[in-house]
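Here the structure comes first, spelled out in structure tokens, and everything after it is commentary.
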There are 2 protein chains.
Amino acid sequence: MKISTKGRYALRVMTDLAMNNDGNYISLKDIAKRQGISIKYLEQIVALLNKAGYLQTARGNNGGYKLNKKPEEYIVGDILRATEGDLAPIVCLSEKGGCKERNLCKSYSFWEGLDKAVNDYIDSKTLADLIQ
Amino acid sequence: MKISTKGRYALRVMTDLAMNNDGNYISLKDIAKRQGISIKYLEQIVALLNKAGYLQTARGNNGGYKLNKKPEEYIVGDILRATEGDLAPIVCLSEKGGCKERNLCKSYSFWEGLDKAVNDYIDSKTLADLIQ
DNA sequence: TGCAATTCCTACCATTTTAGTAGTATAATG
DNA sequence: CATTATACTACTAAAATGGTAGGAATTGCA
């Protein structure tokens, strides 16, 4: 029941981009320095955020990343799901069509409820909530 | 962000014990058969539950396990914490004395909130809620 | 033109965690 | 004293985690 570094670092990258936004692109080198995370590992995390369409990017000299939208328009849950993958607490909830034994399983609706509690919370926060 | 088999099976063992309780001890052999889990693996899970004081046990012939208390007196959160270990979503929250950078970290209170959301939910359910 | 800075993409790897299996000792019962 | 059961400990294969590494593609600037 742990969030991995991917999700945690992703939030740090996004808050870093939000807080240091001056209109220019921000390089991973700068973010890595501020956050104390290796550039090479950040590349992989940013790739996920980028694939999800959360960033504007520019390659080459003076290139880097910046946010696409205003901080209050980023749902934290979206960021976490994009980097952590599915946050469902157990496999049964992720299976397409649902677990076949859901009607027999006494725990199923409990896990459903936990899943909902988690998602309700992370979807109630935006990037703006974090940086203030 | 997954619950492991330890926690999931633990809940199944507890519900099995609750539902099949006729006053006699219930052997792992029976539980294993009903639940489709190997006896040997169940031994390890039950050991955790036992260490937490949730069970009455009897060795030898006709031995086995039974619940200590009424189903409604078992908090699901307690069962999960006993078998999964700490459910805090990130390491910072588990560190004794708290994360040293908590005042600098923009995400800290977000993770605290997630931890609370999870624990509030799992502590609001009892074994009785599951078996009905 | 060419070099430096940067993202992009993919492969690799050590360590830890997960999900068990296995063996043996200990205890109780009939 | 054989059978049935828990108790304890060691081992292990496979997967996930948390990175490192190398090189290709792109862009800005001197």
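Only heavy atoms go into these numbers, but all of them, side chains included; no hydrogens, no water, no symmetry mates. So you know, we letter chains A, B, ... as the sequences are listed, proteins then strands, and number each from 1.
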Is it the case that the side chain of Asn21(B) and the backbone of Ala18(B) share a donor-acceptor pair, with hydrogens and angles ignored and the cut-off at 3.5 Å? no

Contact boundaries on DNA chain D for chain A, cut-off under 4.0 Å to non-hydrogen atoms: dG18(D) to dC29(D)

With no hydrogens and no angle check, is any side-chain donor or acceptor of Arg12(A) less than 3.5 Å from a backbone partner on Gln35(A)? yes

Per the ring pair (Phe, Tyr, Trp, His ring centres under 6.0 Å) rule, what does the pair list look like for residues 13-33 of chain B, sequence neighbours excluded? none

Can you get from Tyr41(B) to Val13(B) by hopping between Ile, Leu, Val, Met, Phe, Trp and Tyr side chains that sit under 4.5 Å apart? yes

Atom NZ of Lys69(A) with >12 non-hydrogen neighbours under 6.0 angstrom: yes

With clusters defined by side-chain heavy atoms of hydrophobic residues (ILVMFWY) lying less than 4.5 Å apart, directly or transitively, does Leu11(A) cluster with Tyr108(B)? yes

Is any NZ, NE, NH1 or NH2 atom of the basic residue among Asp78(A) and Arg81(A) found under 4.0 Å from an Asp or Glu carboxylate oxygen of the other? yes

Is there a residue in residues 8-16 of chain B whose heavy atoms reach under 4.0 Å of DNA chain D, and which residues are they? none

Hey, does the side chain of Lys2(A) reach the backbone of Met1(B) with a donor-acceptor pair shorter than 3.5 angstrom? no

Checking side chain to side chain contact (heavy atoms under 4.5 Å, CB included) for the pair Thr83(A)/Arg8(A): CA distance, chi angles, key distance, verdict? CA-CA 9 Å; Thr83(A) 48; Arg8(A) 289 193 285 128; over 6 Å; no

Sequence-aligned protein contact record of nucleotides 3-18 of chain C, with B where the base is within under 4.0 Å of a protein heavy atom and S where only the sugar-phosphate is: --BBBBB-B-------

For a quick test of reading the model, state the closest non-hydrogen atom pair linking Thr126(B) to Glu72(B) and the distance between them. CG2-O, 3.4 Å

What bend angle does the helix from dT1(C)-dA30(D) to dG30(C)-dC1(D) show across its length, from five-pair end axes and to the nearest 10 degrees? 0°

Is there a donor-acceptor contact under 3.5 Å linking the side chains of Asn119(B) and Asp123(B)? no

Could you pull out every donor-acceptor pair under 3.5 Å between side chains of residues 44-54 of chain B and any protein atom, sequence neighbours left out?
none

